[in-house]
Peer 1: 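Let me give you the structure first, and then I'll get to my questions.
Please read these numbers as outputs of a predicted model, since none were measured by experiment. Order of listing sets the numbers, starting from 1, for every ligand and every atom in it.
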Amino acid sequence: MPFVPSYIALHRTGELRSRAAALRAMLGSCTICPHDCGNNRLKGEIARCYSGELPVVSAYTPHFGEEPALVGTHGVGNIFFGNCNLRCVYCQNYLISQNHKLEIQNETTIGRLACMMIELQEKGCHAIGFVSPTHFVPQIVMALETAAGAGLRVPLIYNTNAYDSVQVLRLLDGIIDIYLPDLKYGDDAMGREYSKVDGYARHARNAVIEMHRQVGGVPVTGDDGLIKRGLIIRHLVLPNDIAASRETLTWIRDTLGPETTLSVMSQYFPTHRALTMPLLDRKLRESEYMKVITLVEKLGMENGWAQEFEASDYYRPEFEDRDRPFKGEADNETSDVEHTGRDGA
Ligand code: SF4
């Protein structure tokens with residue numbers, strides 16, 4: 001039986017429309033993410049994420065750098081949202097995530113966002129990937145209402161920095177098929193220092209628990225061998241153990257179970273503000289990465305992927321070219337045990 005995403009049923013019953021309305025209402029005093037700014041985005045009041053009523057889409061394209069069980073032969077149809085609710089000093093996508101004065105030019109309409117989803121499906125993409133979606137969840141669900149009516153049928157991936165509101169995630173229950181959070185820090189102090197955010201570990205862990213509640217711990221795979229529903233937790237290993245990898249991975253194992261699907265990433269390279277920060281101004285050392293890989297094995301976590309150590313040498317998004325920001329990826333095909341790139345914030 002072909003997989004049918006559950007948002008189709010929510011669209012038929014009118015529930016999708018109700019959810020979209022509830023989420024849109026939250027923009028009137030914005031509590032869409034844990035920053036809880038309280039600004040009225042419907043009246044153009046801008047706060048921490050520099051985003052108003054309309055979605056900002058910086059690029060949309062089939063992408064082949066995600067985990068192998070998502071990419072398949074035709075890639076994930078990624079929609080890269082501009083701006084962000086975090087301010088990571090090392091963000092690889094800083095040209096689109098921390099550049100709101102230029103990104104305002106990429107504001108689009110709900111109808112156009114719906115068309116992008118359909119276009120990516122028509123290109124054969126196996127899923128639609130919303131990259132850095134947190135601050136635009138209402139707009140995404142509003143567009144999905146239109147896209148589902150126009151024939152969208154592929155699974156939806158929520159590719160997030162994990163600084164998400166549990167209340168908002170509950171409104172995504174049955175809408176998002178695959179959650180792809182990046183658990184960045186095991187320590188709130190590191191989140192404050194390097195991403196300018198309060199309570200990162202607490203909020204992100206609560207968000208991941210809610211994602212796990214919705215889609216379970218063991219991914220559902222379709223007839224084509226690709227994941228159609230589930231949770232994949234990414235973890236980017238940072239130099240000098242700034243990500244507190246042991247705390248994070250141990251928490252995942254103890255809270256969600258050893259069967260949880262992990263995607264451990266080595267692709268860190270110093271960019272943006274990190275170039276002037278003593279603890280982040282160098283690439284990851286192989287010994288640092290292998291320590292984390294060994295820990296994963298010791299924790300008995302066998303499901304998922306680990307990037308090959310050299311990933312930082314070729315995974316460098318170039319958002320100067322919005323039509324083709326991942327030029328090197330054709331040379332970096334994925335294997336069953338490794339993946340080469342990611343898009344998360
Ligand atoms: S989505 Fe933006 S405006 Fe809303 S609470 Fe988060 S940072 Fe603030």
Side-chain angles (χ1 to χ4, degrees), residues 19-58 79-89 91 93-110 113 129-144 156 158-173 175-176 179-185 188 190-208 210-211 272-273 343-345:
R19 302 265 191 102
L23 285 161
R24 185 177 186 279
M26 291 176 74
L27 293 174
S29 176
C30 193
T31 53
I32 290 295
C33 87
H35 281 309
D36 285 341
C37 298
N39 53 315
N40 188 342
R41 289 174 59 181
L42 299 173
K43 288 195 171 164
E45 291 175 14
I46 301 299
R48 298 284 288 265
C49 63
Y50 295 98
S51 301
E53 182 177 8
L54 290 176
V56 175
V57 174
S58 303
I79 298 176
F80 295 86
F81 290 97
N83 306 331
C84 189
N85 60 339
L86 298 192
R87 285 282 172 279
C88 302
V89 296
C91 182
N93 297 350
Y94 71 94
L95 279 176
I96 63 172
S97 66
Q98 299 181 38
N99 204 8
H100 66 277
K101 286 184 182 157
L102 282 180
E103 284 308 299
I104 190 84
Q105 296 169 6
N106 290 318
E107 259 190 1
T108 190
T109 62
I110 300 296
L113 178 54
F130 301 119
V131 183
S132 296
T134 303
H135 50 304
F136 287 125
V137 167
Q139 294 86 344
I140 289 169
V141 178
M142 289 158 71
L144 180 62
L156 305 178
Y158 190 83
N159 180 341
T160 174
N161 59 41
Y163 197 65
D164 286 282
S165 148
V166 170
Q167 184 193 0
V168 169
L169 289 174
R170 284 189 186 130
L171 289 168
L172 291 178
D173 193 357
I175 295 176
I176 296 298
Y179 283 106
L180 196 52
D182 177 10
L183 262 185
K184 290 178 171 296
Y185 308 105
D188 286 348
M190 294 297 109
R192 200 169 304 119
E193 179 79 16
Y194 296 110
S195 292
K196 316 300 172 207
V197 63
D198 288 329
Y200 178 87
R202 174 169 54 92
H203 287 297
R205 288 177 181 184
N206 286 339
V208 168
E210 172 60 19
M211 295 172 192
H272 191 37
R273 297 184 201 285
D343 302 319

Peer 1: Looking only at side chains, do D164 and T134 share a donor and an acceptor under 3.5 Å apart?
Peer 2: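 There is such a pair (donor and acceptor under 3.5 Å, judged by atom type) between the side chains of D164 and T134.
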Peer 1: Which of parallel (below 30°), tilted (30 to 60°) and perpendicular (above 60°) describes F81 and F136?
Peer 2: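 F81 vs F136 ring planes: tilted.
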Peer 1: Which residues pass the salt bridge (Lys or Arg N to Asp or Glu O under 4.0 Å) test with D173, not counting sequence neighbours?
Peer 2: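 Scan of D173 (salt bridge (Lys or Arg N to Asp or Glu O under 4.0 Å), adjacent residues dropped) gives R213.
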Peer 1: To check your reading of the model: name the closest protein heavy atom to atom 1 (S) of ligand 1, its residue, and the distance in Å.
Peer 2: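 Here the nearest protein heavy atom works out to R41 NH1, 3.4 Å.
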Peer 1: Between the side chains of S195 and Y200, is a donor N or O closer than 3.5 angstrom to an acceptor N or O?
Peer 2: no
Peer 1: Anything protein N, O or S sitting under 2.8 Å from atom 8 (Fe) of ligand 1: count it and give me the total.
Peer 2: 1
Peer 1: When you compare the side chains of S51 and N83, does any donor N or O come within less than 3.5 Å of an acceptor on the partner?
Peer 2: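 Looking only at side-chain atoms, N83 and S51 do form a donor-acceptor pair, the distance falling under 3.5 Å.
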Peer 1: Inspect the surroundings of CZ in R273 and state if more than 12 heavy atoms from other residues, nucleotides or ligands are less than 6.0 Å away.
Peer 2: no
